[in-house]
2 protein chains.
Amino acid sequence: MPTIKDIAKRANVSTATVSYVINNTRYVSPEKRERVERAIKELNYVPNAVARGLRVRRSKVISLIIADIANPFYPDLAKACEETAKKEGYTVTIMNTNDEQGSLPKAISQLREGTVEGLIVTTALNTDVPFLEQLLQEGYPIVLAHRCPEMDIDTVMADNFQGGFEAANHLIELGHAKIAFMRGVQHSPIDATRTLGYKKAMELAGFHILEEWLPTGLANYEKSYQECMRLLELPKDKRPTALINIGDIGALGAIDAASDKGLSVPDDLAVIGFDDLFLANLRSVQLTTVRMPRFEIGQRATERLIEKMKNRTDSRKLQVTLPVELIKRKTCGWKK
Amino acid sequence: MPTIKDIAKRANVSTATVSYVINNTRYVSPEKRERVERAIKELNYVPNAVARGLRVRRSKVISLIIADIANPFYPDLAKACEETAKKEGYTVTIMNTNDEQGSLPKAISQLREGTVEGLIVTTALNTDVPFLEQLLQEGYPIVLAHRCPEMDIDTVMADNFQGGFEAANHLIELGHAKIAFMRGVQHSPIDATRTLGYKKAMELAGFHILEEWLPTGLANYEKSYQECMRLLELPKDKRPTALINIGDIGALGAIDAASDKGLSVPDDLAVIGFDDLFLANLRSVQLTTVRMPRFEIGQRATERLIEKMKNRTDSRKLQVTLPVELIKRKTCGWKK
DNA sequence: CTGAAAGCGCTAACAC
DNA sequence: GTGTTAGCGCTTTCAG
């Protein structure tokens, strides 16, 4: 591995000059520049980013912290981050926390350790708030994406309340009164906010919500399948005729549960999901769902992060809420 | 940001001692150790990984290069890598190349720049081979996962030939003779190998393969949908009665095309995919598919990489081929 | 216009 | 048992 010294020697200039041509950071005479460039080619030299990072404290990488890489929600968000970051010369690195409590601190240490310059966090459980606040206080650039935080921090998210509200309302308009809402992971403000929207719609319609109608499906297939089974075994007068799941994948679990019970969707059970993942639109699925503007969330969050990295004194806290859209398909029995 | 010097001063020891307690790398008397630890707590000190990396040339991070983060194939592989790496104290960082030609070099520069110690590459197009060989020659630890390379390099992959062969053979046993095979991205040895397996099965059965039966569906939904449409518009005597797609997502595109043509799957068109993604098993999908051992591929690849990183003189090239499994479901008309 | 050299924070060889 | 210090590869100030 050649170093800057090797290049300097071979080109017969100082290391300073080499550095200047590499970074284009001050005038260098054409002849010297040429010699340096040739030496770099010949020795196949690549500057050591670690050494540079130590010196200038800029790694040009931002880290995207995601909760569950297996959740198809995130790839689009990640792609948007990458594209946006690339335009500004930044590289995005993805880190997966599995939504385990206590894994965020580990991800966060990347910042303190100096290997990354900024963080886009998509996974702030309420329990993580103290860590984030600490970091913020220390002046690190962080933005939350797709999380509604109970703190003063830059955030880009969707209108989750409205999502829960519209989903429930749509079902109400279709004539449902017994509507279940399968919740997600605990301590997630996103879950809380969507639930609030649902409750508001029910309240406005004058419908009472039974305790049993709010099981925890964790937005995953298995758990939602099981919980839906339980829901469908409720006595007739308590059994919901419609169900909202906090995620599309979970909604599919519920649909399969209904199917295994010999019930028809949407006739016996109407189902609505959240996210509008790719598979929601398959001919054989046609899931009604609340679309999240995933790409835009990633993009806006990245833009804001880069802004903050460039201008460290910018201490404003922007909170952006993007509109959601109810995509009406077949699983709720809606017909044009 | 406190540095090791601040800790040393506060604990009234040398920086060496601080380093020794942090890394547990030689005996330190209990009192001093205690003082150091207290100072670390009090100042909320985190060692700078960049500086350490510069010194010891080990970042303890390995990078996973994937072709397309939106392809649900990769998350499982990535999870396996993470789990395996974590056990050994390594962190995994994911980088997405979008299977663009020329994006691998960029990913690779991470190695040369010293920010990562080793690479798991899931995306070696044939056109990337020269880069990999160069790197290998320079002694960097790299292993290929889920790629069959035409070069001498550590590799963990599935038996793609067998996959193509079994898929075709299954259809042949079910009575099909006109079987199409929708291919993936160009220059992918994986695609080539699976195609070979399919051709072999057809040959053994004595069936001729029409040129038109080998369209490029790129394993994606849209393209596969279009190409399948075209296939279904072929004159009756040329129209395939069965189709294999190089990926499950592509298979879904084909199924939806059939559906839009008013054809029934599997009666008018039998369909087999590759991968056995989560959605292949949905009640409303039930896609027959060739399961890839994704988790195991990630695990074995990571193990091998770490082995090589620990023992830089190990120049053996292991090539592991894991068995695939044909998962028989409903889209090919198979019945117990 | 260019070069010498200090120093980023850390580790580890060497000295005591 | 512990401390001193050189040096990892780079950038950038300061001097010329």
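Computation of the quantities below employed the complete heavy-atom set of this structure, encompassing side-chain atoms and omitting hydrogens, waters and symmetry-equivalent molecules. Worth saying up front: this structure is predicted, and the values here are computed from it rather than measured.
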Query raised in the report: Less than 4.0 Å between a side-chain N and a carboxylate O, is that true for E113(A) and R52(B)?
Result: no
Report task. For the pair K79(B) and E83(B), find out whether any cationic side-chain nitrogen is under 4.0 Å from an anionic carboxylate oxygen. Result -> no
Requested in this report: Mind grabbing the angle between the end helix axes of the helix from dC1(C)-dG16(D) to dC16(C)-dG1(D)? Five pairs an end, 10° rounding.
Outcome: 50°
Who are the side-chain contact (heavy atoms from CB on, under 4.5 Å) partners of [X], not counting sequence neighbours?
X	value
Q186(B)	none
L318(B)	D154(B), R304(B), R316(B)
N48(B)	R57(A), V50(B), A51(B)

Query raised in the report: Distance check: side-chain N/O of S19(A) vs OP1/OP2 of dT12(D), anything under 4.0 Å?
Result: no
Query raised in the report: Does R52(A) make a side-chain N or O approach to OP1 or OP2 of dG9(D) shorter than 4.0 Å?
Result: no
Between side-chain atoms of residues 116-125 of chain B and protein atoms elsewhere (two or more places apart, or another chain), which donor-acceptor pairs fall under 3.5 Å?
residue, atom, partner, partner atom, Å
E117(B), OE1, R58(B), NE, 3.3
E117(B), OE1, R58(B), NH2, 3.2
E117(B), OE2, S59(B), N, 3.0
E117(B), OE2, K60(B), N, 2.5
T122(B), OG1, I65(B), O, 2.7
T123(B), OG1, D99(B), OD1, 3.4

**Report entry** Distance-only donor-acceptor check, side chains Q299(B) and T84(B), under 3.5 Å
**Finding:** no
Query raised in the report: So what does T17(B) touch, heavy atoms closer than 4.0 Å: a base, only the sugar-phosphate, or nothing?
Result: sugar-phosphate
Query raised in the report: Which is true for V28(B) with a 4.0 Å heavy-atom rule: it touches a base, it touches only sugar-phosphate, or it touches nothing?
Result: sugar-phosphate
Please tabulate, one pair per line, each protein N/O and nucleotide N/O from nucleotides 6-8 of chain D that are separated by under 3.5 Å, including the distance.
residue, atom, partner, partner atom, Å
dG7(D), N2, R55(B), NH1, 2.9

Query - Test item: N23(A) side-chain N/O and S19(A) main-chain N/O as donor-acceptor pair under 3.5 Å - result: yes
Please report, rounded to the nearest Å, how far the [atom2] atom of [N] is from the [atom1] atom of [X].
X	N	atom1	atom2	result
R58(B)	dA12(C)	CZ	C1'	16 Å
D6(B)	dG9(C)	CG	P	9 Å
Y27(A)	dG3(C)	OH	P	13 Å
I7(B)	dG9(C)	CD1	C1'	12 Å
I4(B)	dC8(C)	CD1	P	14 Å
M1(B)	dC10(C)	CE	C1'	15 Å
N23(A)	dT2(C)	CG	P	16 Å
N24(B)	dA12(C)	CG	P	13 Å

Between the protein and nucleotides 14-16 of chain C, which nitrogen or oxygen pairs are less than 3.5 angstrom apart?
residue, atom, partner, partner atom, Å
dC14(C), N4, R26(B), NH1, 3.4

Query - DNA chain C contacts made by residues 32-50 of chain B, counting heavy atoms under 4.0 Å - result: Y45(B), P47(B), N48(B)
Query - Pairwise salt bridge (charged side-chain N to carboxylate O under 4.0 Å, His left out) hits with a residue in residues 14-32 of chain A, at least two apart - result: none
**Report entry** Where at least one partner belongs to residues 11-25 of chain A, residue pairs that pass salt bridge (charged side-chain N to carboxylate O under 4.0 Å, His left out), sequence neighbours excluded
**Finding:** none
Query raised in the report: With a cut-off of 6.0 Å (strictly less than), are more than 12 heavy atoms of other residues, nucleotides or ligands near NZ of K5(A)?
Result: no
Query - Pairs satisfying ring-ring contact (aromatic ring centres under 6.0 Å, His included), at least one member in residues 30-63 of chain A, at least two apart - result: none
Query raised in the report: Which of these, V13(B), V28(B), D6(B), sits in a side-chain contact (heavy atoms from CB on, under 4.5 Å) with V18(B)?
Result: V13(B)
Query raised in the report: Who are the ring pair (Phe, Tyr, Trp, His ring centres under 6.0 Å) partners of Y74(B), not counting sequence neighbours?
Result: none
